Trainee: 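The following block contains the structure, expressed as structure tokens.
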Amino acid sequence: MSLRLYNTLTLEVQPFAPERDNTVRMYTCGPTVYDFAHIGNFRTFIFYDVLRRWIRATGYQLDHVMNITDVDDKIIRNAVARRQSIGEYSARFTTAFFEDSESLRLERPERVTPATGHIDEMAEAIRKLGEQGYTYESDGSIYFRIAKFPEYGKLSHMDFSGTRPGARVDNDNYEKDDARDFVLWKAAKENEPYWDTVVGRGRPGWHIECSVMAIRYLGDTLDLHAGGVDLIFPHHENEIAQSECLTHHLFSRFWVHSEFLLVDGQKMSKSLGNFYTLRDILSKGYAPETVRYLLAQVPYRKALNFTFDGLKSAATAIDRVRNFDLRVKTGKFEEGSNPDLDARAQVATGGFRAAMDDDLNTAEALGSVFEYIRDVNIAMDKDEFRAGNVASAKAVLDLFDLVFDVLRPTAATDGLPDEEVEAKIEERRDAKKARNFAGADQIRVWLLDRGIIIEDTKDGVRWKRKP
RNA sequence: GGCGCGGUAGCCAAGUGGUAAGGCCAAGGUCUGCAAAACCUUUAUUCGUCGGUUCAAUUCCGACCCGCGCCUCCA
């Protein structure tokens with residue numbers, strides 16, 4: 001079985017493979033850096049990351065481009081309010097975004113492209129669209145005339161044929177011929193940053209940056225374009241219109257969209273005020289990988305209701321896998337190998353792969369891992385697990401961690417050094433030998449207070465740091 | 001109103017035309033000096049409601065109810 005993905009264009013799950021050679025050309029809509037990203041935003045970025053990792057696990061190379069929207073109305077508004085340039089203002093949040101991404105263990109796309117680094121190319125694209133008659137000007141701004149693109153609506157599956165033209169006014173008070181027309185280029189206004197370009201003085205509309213940067217780096221036709229479901233209309237619909245009128249080629253073969261993160265059953269959003277940033281969560285003492293696990297475990301096309309109970313549950317589930325990992329890596333097993341257990345591992349990895357191939361069904365993939373863990377724990381309890389089975393157990397854990405990447409605890413900044421922990425464990429061992437259990441328990445509590453958890457096993461003492 | 005998604009145990013959640021994975025929580029138990037970890041048992045005669053097709057439906061069809069999202073900036 002090979003990778004299949006739900007394509008918003010066709011509303012079907014379809015086999016996915018790159019069109020040319022072995023490289024997947026993928027574009028994802030990145031953050032608008034006007035504020036800290038919230039964990040709803042990060043649900044989508046984690047989805048990109050899982051998708052990336054599984055595309056590579058499938059055996060493809062990746063050329064993944066993600067934009068940074070570093071010029072837009074909110075950035076301008078906030079920068080002006082602080083008497084900063086938009087560059088100064090957005091730099092801070094771009095940095096914060098990548099810090100958060102790193103703590104969530106998100107792989108960095110092959111190319112990260114800021115909008116402000118591509119203004120002239122956007123202007124040139126707009127000029128070309130104008131040459132071909134797809135645009136019109138109004139008060140110095142340039143609009144895309146959707147009436148010229150009959151396929152408009154094919155992604156969002158909306159029918160615009162009955163849309164009546166008429167003078168309507170959008171939020172920015174720009175005049176448009178048709179309510180659905182969208183702005184490609186905004187005329188310079190007072191107190192706003194602008195660029196002098198072949199289409200005049202002003203700044204780009206939002207949608208054009210993605211079209212221009214995607215085509216520039218990945219070619220006329222992408223294999224895959226991803227984003228949150230709220231971008232289907234109008235953003236991605238507009239990208240298609242611009243791009244396909246520009247190149248006269250299909251813009252993207254696959255469109256893949258992640259569902260929302262909800263809070264109290266409602267979309268998490270800045271405007272509703274019901275959002276948490278990653279920093280909010282971490283300050284409550286949760287490890288970033290807990291957030292990663294929580295957001296990755298629910299398949300990306302299902303809305304996920306965020307709760308702190310869910311977060312706690314995620315932390316415990318990670319612990320279960322880590323305990324098993326520790327048991328595999330530190331256990332003392334008899335020589336030899338139990339063929340049944342290697343076969344069992346095969347079933348687990350096979351189930352995991354099949355689930356991931358099926359439109360990234362992470363929930364089912366996890367089921368496969370947890371069933372394996374239970375069976376092997378049982379085998380270990382019965383002393384049926386052999387040293388020769390360690391390799392296949394590690395293979396299951398490696399496959400799990402290739403996607404979920406939560407086994408490694410985020411390093412505590414102020415932990416007790418390993419040597420001190422070992423020394424204390426030695427001290428406790430002596431106390432136990434002398435049957436001084438009170439003393440031994442005291443040491444255990446002392447260590448626990450410092451985040452060290454001691455476990456006595458028949459093979460000796462095992463310890464770990466509290467997550 | 002149009003388009004799309006969803007309603008499965010206390011919570012999260014997978015799934016198939018033949019009788020419900022997995023995780024968390026809870027209770028009891030095994031093991032242990034005590035813990036921890038691990039394991040065992042218990043927890044949905046039932047999958048929003050009502051019809052239909054079928055030998056058989058949670059899974060297919062229809063109607064209805066409820067929730068969410070997009071249709072305006074938005075992951």
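Small disclaimer: the values here were computed from a predicted structure and weren't measured. A note on names: the letters A, B, ... follow the listed sequences, proteins ahead of strands, and every chain is numbered from 1.
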Trainee: Using whole Å, report how far CD of A/Glu259 lies from P of B/rC12.
Mentor: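 Rounded to the whole Å, the gap is 16 Å.
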
Trainee: Taking any heavy-atom pair under 4.0 Å as a contact, classify A/Leu261: base, sugar-phosphate, or nothing.
Mentor: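 The answer is base, as A/Leu261 lies within the cut-off (heavy atoms under 4.0 Å) of a base atom.
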
Trainee: Does a side-chain N or O from A/Arg320 land closer than 4.0 Å to OP1 or OP2 of B/rC25, or not?
Mentor: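 A/Arg320 to B/rC25 OP1/OP2: no side-chain N or O under 4.0 Å.
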
Trainee: Less than 3.5 Å between a donor and an acceptor, one on the side chain of A/Asp456 and one on the base of B/rC34, is that the case here?
Mentor: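 Side chain to base: pair present.
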
Trainee: Just checking, is any N or O donor in the side chain of A/Lys464 or A/Asn323 under 3.5 Å from an acceptor N or O on the other one?
Mentor: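 Result is yes, a qualifying pair exists.
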
Trainee: Would you please indicate if the ring centroids of A/Phe36 and A/Phe93 are separated by under 6.0 Å?
Mentor: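 That pair passes the under 6.0 Å test.
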
Trainee: Write down the distance separating the C1' atoms in B/rU41 and B/rA35, rounded off to the nearest Å.
Mentor: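 Nearest-Å result for B/rU41 against B/rA35 at atom C1': 22 Å.
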
Trainee: Establish whether the base of B/rA36 is bridged to the side chain of A/Arg444 by a donor-acceptor pair shorter than 3.5 Å.
Mentor: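 Flag unset: no donor-acceptor pair detected.
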
Trainee: Spell out, as yes or no, whether a donor-acceptor pair under 3.5 Å connects the side chain of A/Asp375 to the backbone of A/Tyr372.
Mentor: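 Here the side-chain-to-backbone pair does not exist.
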
Trainee: Does a nitrogen or oxygen in the side chain of A/Lys267 sit under 4.0 Å from OP1 or OP2 of B/rC70?
Mentor: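 Yes, A/Lys267 has a side-chain N/O under 4.0 Å of OP1/OP2 on B/rC70.
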
Trainee: Round to the nearest Å and state the distance from A/Gln266 atom CD to B/rG67 atom C1'.
Mentor: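 About 11 Å, once rounded to whole Å.
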
Trainee: Does A/Arg301 have a side-chain nitrogen or oxygen under 4.0 Å from the phosphate oxygens OP1 or OP2 of B/rG4?
Mentor: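 For B/rG4, OP1/OP2 do not have a side-chain N/O of A/Arg301 under 4.0 Å.
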
Trainee: May I have the distance from A/Phe324 (atom CZ) to B/rG22 (atom P), rounded to whole angstrom?
Mentor: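 That distance rounds to 16 Å.
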
Trainee: Distance check: side-chain N/O of A/Asn323 vs OP1/OP2 of B/rA37, anything under 4.0 Å?
Mentor: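 Answer is no, no contact under 4.0 Å.
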
Trainee: Determine, for A/Glu244 against A/Lys154, whether the closest basic-nitrogen to carboxylate-oxygen distance falls under 4.0 angstrom.
Mentor: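 Looking at A/Glu244 and A/Lys154, the cut-off is met.
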
Trainee: Starting at NE2 of A/His236 and ending at P of B/rG69, how long is that distance when rounded to a whole Å?
Mentor: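 Interatomic distance, NE2 of A/His236 to P of B/rG69: 20 Å.
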
Trainee: Strictly below 4.0 Å: does A/Asn361 bring a side-chain N or O up to OP1 or OP2 of B/rA21?
Mentor: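 No, A/Asn361 has no side-chain N/O under 4.0 Å of OP1/OP2 on B/rA21.
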
Trainee: Is there a side-chain polar atom (N or O) of A/Thr32 under 4.0 Å from OP1 or OP2 of B/rA75?
Mentor: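 Yes, because at least one side-chain N or O of A/Thr32 sits under 4.0 Å from OP1 or OP2 of B/rA75.
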
Trainee: So, does the side chain of A/Asp441 form a donor-acceptor pair with the base of B/rG33 at under 3.5 Å?
Mentor: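 For A/Asp441, whose side chain was compared with the base of B/rG33, there is a donor-acceptor pair (under 3.5 Å).
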
Trainee: Taking atom C1' in both B/rU19 and B/rU46, what distance in whole Å separates the two?
Mentor: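 Nearest-Å result for B/rU19 against B/rU46 at atom C1': 10 Å.
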
Trainee: For A/Lys464 and B/rA36, is the shortest distance between a side-chain N/O and OP1 or OP2 below 4.0 Å?
Mentor: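 Indeed not, no polar side-chain atom of A/Lys464 lies that close.
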
Trainee: With both distances under 3.5 Å as the test, what is the Watson-Crick or G-U wobble partner of B/rU41?
Mentor: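 Paired with B/rU41, as far as the under-3.5 Å criterion goes, is B/rA27.
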
Trainee: Between A/Arg374 and B/rA38, does any side-chain N or O lie under 4.0 Å from OP1 or OP2?
Mentor: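 For B/rA38, neither OP1 nor OP2 has a side-chain N or O of A/Arg374 closer than 4.0 Å.
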
Trainee: Between A/Lys186 and A/Asp73 (salt bridge meaning N to carboxylate O under 4.0 Å), is one present in this structure?
Mentor: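 A/Asp73 and A/Lys186: salt-bridged.
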
Trainee: Distance check needed: B/rC74 P versus A/His257 NE2, whole Å only.
Mentor: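 It is 13 Å, rounded to the nearest whole Å.
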
Trainee: Could you tell me how far B/rG22 sits from B/rC39 if I compare only their P atoms? Round to whole Å.
Mentor: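 Taking atom P in both B/rC39 and B/rG22, they lie 12 Å apart.
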
Trainee: In whole angstrom, give me the gap between the P atoms of B/rC50 and B/rU58.
Mentor: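 One P to the other, the span is 12 Å.
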
Trainee: Counting the atoms with a prime plus P, OP1 and OP2 as sugar-phosphate, which does A/Lys312 contact under 4.0 Å by heavy atoms, base, sugar-phosphate, or nothing?
Mentor: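 Result for A/Lys312 = nothing.
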
Trainee: Send over the distance from A/Phe275 CZ to B/rA75 P, rounded to a whole Å.
Mentor: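 Going from A/Phe275 (CZ) to B/rA75 (P), I get 12 Å.
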
Trainee: With a 3.5 Å cut-off and no angle check, do the side chains of A/His257 and A/Thr8 form a donor-acceptor pair?
Mentor: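 A/Thr8 and A/His257 do have a side-chain donor-acceptor pair below 3.5 Å.
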
Trainee: With rounding to the closest Å, how many angstrom separate the P atoms on B/rC71 and B/rA63?
Mentor: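 Those two atoms are separated by 27 Å.
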
Trainee: Using the C1' atoms only, state how far B/rC60 lies from B/rU16, rounded to an integer number of Å.
Mentor: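 That atom pair is separated by 12 Å.
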
Trainee: Using atom C1' in both nucleotides, what's the gap between B/rU43 and B/rG69 to the nearest angstrom?
Mentor: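 Per the computed distance, 34 Å lies between those C1' atoms.
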
Trainee: Report, as yes or no, whether the 6.0 Å neighbourhood of atom CD on A/Glu422 holds more than 12 heavy atoms from other residues, nucleotides or ligands.
Mentor: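 Yes - once you tally the heavy atoms of other residues, nucleotides and ligands closer than 6.0 Å, there are more than 12.
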
Trainee: Quick test of the criterion, 5.5 Å between centres and less than 30° between planes. Is A/Phe370 stacked on B/rG22 or not?
Mentor: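 A stacking contact does not exist, since A/Phe370 is not both close and nearly parallel to the base ring of B/rG22.
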
Trainee: Using the C1' atom in both, what is the distance from B/rG18 to B/rG4, to the nearest Å?
Mentor: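 About 32 Å, rounded to a whole number of Å.
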
Trainee: My understanding is that a pair needs two contacts under 3.5 Å, Watson-Crick or G-U wobble. By that rule, which nucleotide pairs with B/rG62?
Mentor: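 Its partner is B/rC50.
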
